[in-house]
Colleague: 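Let me begin by handing over the structure; questions about it come next.
Note that these values count all heavy atoms, side chains included, but never hydrogens, waters or copies made by symmetry. Along the sequence shown, residues carry numbers from 1. The structure displayed is predicted, hence computed values, not measured ones.
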Amino acid sequence: MMLTFDEKKQIIEEFKELQAQPVSMNRINYHYPESAVDRTVVVKYLHPKSHNAFVYAGYLPADETNDGYISVRDASAEELRRLIQLGIEELRKTLDGFEEGYEEEWQDERGDILRLRYVNPVWAVVMQSESIEAIFKTKEAAESYLEDEGFFY
């Protein structure tokens, strides 16, 4: 059974990081102001009569979406929550495809550990003391450096 407008609205508003913004024809958009990219709309056009809305799905191939969004007209409550969460997670990522603060631990044969951390827009190699050892423009360059120094992921 399709969720009503009010049921969908209640579920969407569980996500406190989203901000409602009324648009034409009594529809509501929900924005994620902390988005790492220019796009901020997670839920678009929640409609009081059709009970439909569109949720951002930038993680899907473009040919599977409508301008980056998918319809949630027939979504269950659980599916709606899952899709909204995925949309928010995708908007947390920068244009490089990584969320600010993304980190990997690299280790050498002696057990020494370095962390590769994304600090938009660069990659930093960080020692255990939190001192920065090196900074690179690309992840590939940072990985090459770590591998040359005998570290593996």
Colleague: How many angstroms lie between atom NE2 of His47 and atom CD1 of Ile28, to the nearest 0.5 angstrom?
Modeller: 11.0 Å

Colleague: Going by atom types only, do Glu14 and Gln10 share a side-chain donor-acceptor pair under 3.5 Å?
Modeller: no

Colleague: Does Ser35 have any side chain to side chain contact (heavy atoms under 4.5 Å, CB included) partners at least two apart in sequence or in another chain, and if so, which?
Modeller: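 Expected list: Tyr32, Val37, Thr40, Leu91.
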
Colleague: For Thr4 versus Glu7, what's the shortest heavy-atom pair and its separation?
Modeller: N-OE1, 2.7 Å

Colleague: Going by side chain to side chain contact (heavy atoms under 4.5 Å, CB included), name the residues that satisfy it together with Ser24, two or more places apart in sequence or in a different chain.
Modeller: Arg27

Colleague: Tell me every residue that passes side chain to side chain contact (heavy atoms under 4.5 Å, CB included) with Glu100, counting only those two or more places apart in sequence or in another chain.
Modeller: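 Val119, Asn120.
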
Colleague: Within a 6.0 Å radius of atom NZ on Lys139, are there more than 12 heavy atoms belonging to other residues, nucleotides or ligands?
Modeller: yes

Colleague: Looking at side-chain heavy atoms only, is the closest gap between Ile88 and Leu18 below 4.5 Å?
Modeller: yes

Colleague: If you look at every heavy atom in Glu17 and Pro33, which pair is closest and at what distance?
Modeller: O-CD, 3.5 Å

Colleague: Extract all donor-acceptor atom pairs below 3.5 Å that involve side chains of residues 51-63 and protein atoms in other chains or at least two apart in sequence.
Modeller:
unit_1, atom_1, unit_2, atom_2, d
His51, ND1, Phe5, N, 2.7
Asn52, OD1, Ser71, OG, 2.9
Asn52, OD1, Arg73, N, 3.0
Asn52, ND2, Ser71, OG, 3.4

Colleague: So do Glu89 and Leu86 actually touch side chain to side chain, heavy atoms under 4.5 Å?
Modeller: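 Yes, side chains in contact.
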
Colleague: Supply the atom-to-atom distance Glu143 CD to Leu116 CG, rounded to the nearest 0.5 angstrom.
Modeller: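 Going from CD on Glu143 over to CG on Leu116, the span is 6.5 Å.
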
Colleague: What are the two closest heavy atoms between Met25 and Pro48, and how far apart are they?
Modeller: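 Where Met25 meets Pro48 most closely, the heavy atoms are O-CD, 4.2 Å.
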
Colleague: Same hydrophobic cluster for Val126 and Leu146, using side-chain heavy-atom links shorter than 4.5 Å among ILVMFWY?
Modeller: no

Colleague: For the CG atom on Asn26, are there more than 12 heavy atoms of other groups (residues, nucleotides or ligands in this structure) within a distance under 6.0 Å?
Modeller: no

Colleague: Indicate yes or no: does Glu79 engage Arg82 in a salt bridge with an N to O separation below 4.0 Å.
Modeller: yes

Colleague: Among all residues two or more places apart in sequence or in another chain, which pass the side chain to side chain contact (heavy atoms under 4.5 Å, CB included) test with Glu105?
Modeller: Ile113, Arg115

Colleague: Atom CG in Leu80, atom CD1 in Ile12: separation rounded to 0.5 Å?
Modeller: 5.5 Å

Colleague: Do you know which two heavy atoms are closest between Glu64 and Ile70, and how far apart they sit?
Modeller: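 Of all heavy-atom pairs spanning Glu64 and Ile70, the closest is O-CG2, 3.9 Å.
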
Colleague: Whether Arg39 and Glu90 form a salt bridge (side-chain N of Lys/Arg under 4.0 Å from carboxylate O of Asp/Glu) is what I want to check.
Modeller: no

Colleague: What is the minimum heavy-atom distance between Lys44 and Val41, and which atoms define it?
Modeller: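 Heavy atoms of Lys44 and Val41 come nearest at CB-CG1, 3.8 Å.
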
Colleague: Checking the side chain of Lys8 only, and the main-chain atoms of Val72 only, is there a donor and an acceptor separated by less than 3.5 Å?
Modeller: yes

Colleague: When hydrophobic residues are tied together by side-chain contacts of less than 4.5 Å, even through go-betweens, does Tyr102 share a cluster with Met127?
Modeller: yes

Colleague: Other residues, nucleotides and ligands only: do more than 12 of their heavy atoms fall within 6.0 Å of CG on Asp38?
Modeller: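 At most 12 heavy atoms, drawn from other residues, nucleotides or ligands, come within 6.0 Å of this atom.
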
Colleague: Give me each pair satisfying ring pair (Phe, Tyr, Trp, His ring centres under 6.0 Å) with a member in residues 121-153, each pair once, sequence neighbours excluded.
Modeller: Phe98-Trp123, Trp106-Tyr153, Tyr118-Trp123, Phe136-Tyr145

Colleague: Answer yes or no: does atom CD of Glu109 have more than 12 heavy-atom neighbours from other residues, nucleotides or ligands under 6.0 Å?
Modeller: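 No, the 6.0 Å shell around CD holds no more than 12 heavy atoms from other groups.
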
Colleague: Give the minimum heavy-atom separation between Glu13 and Lys16, together with the two atoms involved.
Modeller: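 Distance-wise, the nearest heavy atoms are O-NZ, 3.4 Å.
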
Colleague: Return the CG to CG distance between Asp6 and Leu46, rounded to the nearest 0.5 Å.
Modeller: 9.0 Å

